[in-house]
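When a residue number appears, it is its place in the shown sequence, counting from 1.
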Amino acid sequence: MVQVKYTIKNEEGLHARPASDFCKTASSFKSSITVIKDGEEFEAKSILMVLCIGAVKGDEIELRAEGEDEEEAVKALIETLDRE
């Protein structure tokens, strides 16, 4: 299992377009991927769950991946979030 903390940098937070890109990236991996914010867990491959996170600029989230490609998954998700 790989778990890292990440601070949202996008001015508009994790809104529709970045959330869609995030889910698309998460879905490309076999690992189980969870986003944790304020103690609540959200399925990273579900656009509805990611939108429910309500993450805004400055919020800290945790990315947790578990599976055969967990390290690659977390790295790709951070790169996706950094692009937005």
Side-chain angles (χ1 to χ4, degrees):
M1 179 175 68
V2 175
Q3 189 164 331
V4 297
K5 292 184 179 185
Y6 180 85
T7 301
I8 301 294
K9 299 172 187 158
N10 185 311
E11 288 294 327
E12 297 178 23
L14 197 52
H15 61 92
R17 188 180 41 81
S20 175
D21 292 344
F22 182 84
C23 290
K24 201 175 294 183
T25 300
S27 294
S28 70
F29 292 94
K30 293 180 181 178
S31 293
S32 170
I33 305 169
T34 306
V35 180
I36 304 163
K37 181 177 177 275
D38 299 331
E40 289 189 64
E41 296 186 6
F42 303 87
E43 169 58 48
K45 297 179 184 182
S46 165
I47 185 70
L48 292 176
M49 293 296 287
V50 172
L51 289 171
C52 285
I53 295 170
V56 297
K57 183 178 181 180
D59 282 352
E60 185 176 85
I61 60 172
E62 291 181 56
L63 303 174
R64 181 174 62 208
E66 192 167 356
E68 61 188 73
D69 53 3
E70 58 192 25
E71 290 185 24
E72 296 88 354
V74 169
K75 182 179 177 189
L77 290 169
I78 288 172
E79 288 172 1
T80 299
L81 289 169
D82 283 344
R83 274 196 310 264
E84 298 302 326

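If you chain together hydrophobic residues whose side chains sit under 4.5 Å apart, Ile53 and Val4 fall into the same group. In the hydrophobic clustering of ILVMFWY residues, with side-chain heavy atoms under 4.5 Å counting as a link, Ile61 and Leu77 come out together. Taking hydrophobic clusters as Ile, Leu, Val, Met, Phe, Trp and Tyr residues chained together by side-chain heavy-atom distances below 4.5 Å, Phe42 shares a cluster with Ile78.
Partners of Ser27 according to the side chain to side chain contact (heavy atoms under 4.5 Å, CB included) rule, which considers only residues two or more places apart in sequence or in another chain, are Lys45. Partners of Glu12 according to the side-chain hydrogen bond (donor to acceptor under 3.5 Å, both in side chains) rule, which considers only residues two or more places apart in sequence or in another chain, are His15. Remark: Gln3 pairs with Glu62 by the side-chain hydrogen bond (donor to acceptor under 3.5 Å, both in side chains) rule, at least two apart or across chains.
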Where do Asp82 and Tyr6 land on the side-chain contact (heavy atoms from CB on, under 4.5 Å) test, with the steps shown first?
-> CA-CA 10 Å; Asp82 283 344; Tyr6 180 85; 2.7 Å; yes
Given side-chain contact (heavy atoms from CB on, under 4.5 Å), test Val35 with Phe22 step by step and report yes or no.
-> CA-CA 11 Å; Val35 180; Phe22 182 84; 3.7 Å; yes
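A distance of 8.5 Å separates NZ of Lys57 from CG of Asn10, quoted to the nearest 0.5 Å. Separation of atoms CD1 (Ile36) and NZ (Lys5) is listed at 10.0 Å; rounding is to 0.5 Å. Between atom CE of residue Met1 and atom CD of residue Glu70 there is a gap of 8.5 Å, rounded to the nearest 0.5 Å. A distance of 10.0 Å separates CD1 in Ile8 from CD in Glu60, rounded to the nearest 0.5 Å.
Distance alone, capped at 3.5 Å, places no donor-acceptor pair between the Glu40 side chain and the Lys37 backbone. The backbone N or O of Asp21 sits less than 3.5 Å from a side-chain atom of Thr25, completing a donor-acceptor pair. Between the Glu66 side chain and the Ser32 main chain, no donor and acceptor come within less than 3.5 Å of each other. The backbone N or O of Lys30 sits less than 3.5 Å from a side-chain atom of Asp69, completing a donor-acceptor pair.
Val50 pairs in a side chain to side chain contact (heavy atoms under 4.5 Å, CB included) with only one of the listed residues (Ser20, Pro18, Cys23), which is Cys23.
Scanning all heavy atoms of the two residues, the minimum distance from Ala73 to Ile33 falls at CB-CD1, 3.9 Å. Here the closest non-hydrogen pair linking Ala65 and Ser31 is CB-CB, 4.5 Å.
The neighbour count for Lys75 NZ, taken as heavy atoms of other residues, nucleotides or ligands under 6.0 Å away, does not exceed 12.
The shortest distance between side-chain heavy atoms of Leu81 and Lys9 does not fall below 4.5 Å.
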